[in-house]
Amino acid sequence: GAGVSQSPSNKVTEKGKDVELRCDPISGHTALYWYRQSLGQGLEFLIYFQGNSAPDKSGLPSDRFSAERTGGSVSTLTIQRTQQEDSAVYLCASTMFPSPLHFGNGTRLTVT
Amino acid sequence: KQEVTQIPAALSVPEGENLVLNCSFTDSAIYNLQWFRQDPGKGLTSLLLIQSSQREQTSGRLNASLDKSSGRSTLYIAASQPGDSATYLCAVRPSGGSNYKLTFGKGTLLTVNP
């Protein structure tokens, strides 16, 4: 079946604008994660969803970042008032425990 | 706090060589360990998953081993090919209450030269 789908694949935005990133997980996967990967850095955990609830939001860098998940499926990560340091690749992953984690191809965000 | 280290950070080998990538972790209370590859501009692709009760997993030319007590895993690639060039990451899932939260290594950048 289809893998994890993320859109857009690339996003260039001006500093101060809001952006919305979308993730379509694999059908039936109840767990969904957002990670951030900056150049030369490892994966940074942002948020974890189990169904529609987010029991762990501890990785969100600031209150400019928020995420939601609806219908136990699609998730959106919203970044308000973007800053240059937000430039990174944002990766989404989904799984049904204890199966492997499956990643999308990411959204490359560039804030100018 | 779990820490995952991958050494070397980069490795360059000639085509056809067998090679080993290393992953070490500080807390042996793990549920499983997963190996991924990441091609430039792409997400992570799952290669192998080893449960804590297992010693190794094999898929084609890949073999991953796990020694939980010593906090080590290796990924063995046989007869390497230029198409194997990528960054390889390992990630551990803890056992216990926060078992949803994987800890990733920073990866080993592998280059296989024709």
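In what follows, every chain begins at residue 1, and chains take the letters A, B, ... in the order their sequences are listed.
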Quiz item: Between Leu101(A) and chain B, which part of the residue has a heavy atom less than 4.5 Å away: side chain, backbone, both or neither?
Solution: both
Practice problem: Verify whether one side chain among Ser65(B) and Asn63(B) offers a donor that lies under 3.5 Å from an acceptor in the other. | Solution: no
Practice problem: May I have the step-by-step check of side chain to side chain donor-acceptor pair (under 3.5 Å) for Thr111(B) and Asn113(B), ending in yes or no? | Solution: CA-CA 6 Å; Thr111(B) 303; Asn113(B) 301 298; 5.8 Å; no
Exercise. Could you tell me which of Gly42(A), Gly106(A), Pro100(A) has the largest number of non-hydrogen atom pairs under 4.5 Å with chain B?
Key: Pro100(A)
Quiz item: Can you check side-chain contact (heavy atoms from CB on, under 4.5 Å) on Phe104(B) and Leu102(B), steps first, answer last?
Solution: CA-CA 6 Å; Phe104(B) 286 81; Leu102(B) 282 73; 3.9 Å; yes
Quiz item: Measuring heavy-atom distances to chain A, does Leu44(B) have an atom under 4.5 Å in its side chain, in its backbone, in both, or in neither?
Solution: both
Quiz item: Any link between Leu48(B) and Leu21(B) through a network of hydrophobic side chains (Ile, Leu, Val, Met, Phe, Trp, Tyr) touching at under 4.5 Å?
Solution: yes
For chain B and chain A, what donor-acceptor pairs lie under 3.5 Å, backbone included?
unit_1, atom_1, unit_2, atom_2, d
Gln34(B), OE1, Leu101(A), N, 3.3
Gln34(B), NE2, Leu101(A), O, 3.4
Gln38(B), OE1, Gln37(A), NE2, 3.0
Gln38(B), NE2, Gln37(A), OE1, 2.9
Gly43(B), N, Asn105(A), OD1, 3.3
Tyr100(B), O, Tyr33(A), OH, 2.5
Tyr100(B), OH, Asp56(A), OD2, 2.6
Lys101(B), NZ, Asp56(A), OD2, 3.3
Lys101(B), NZ, Ser58(A), OG, 3.2

Quiz item: Is there a chain of hydrophobic side chains (I, L, V, M, F, W, Y, each step under 4.5 Å between heavy atoms) that links Val111(A) to Leu60(A)?
Solution: yes
Self-check item: Check: Leu46(A) and Pro61(A) side chains under 4.5 Å, non-hydrogen atoms
Solution: yes
Quiz prompt | Which atoms of Leu89(B) approach chain A - backbone, side chain, both or neither, heavy atom under 4.5 Å | solution = side chain
Quiz prompt | Cys90(B) vs Leu75(B), side-chain contact (heavy atoms from CB on, under 4.5 Å): CA-CA, chis, key distance, verdict | solution = CA-CA 9 Å; Cys90(B) 65; Leu75(B) 179 67; over 6 Å; no
Quiz prompt | Results of salt bridge (Lys or Arg N to Asp or Glu O under 4.0 Å) for Arg55(B) - residues two or more places apart only | solution = none
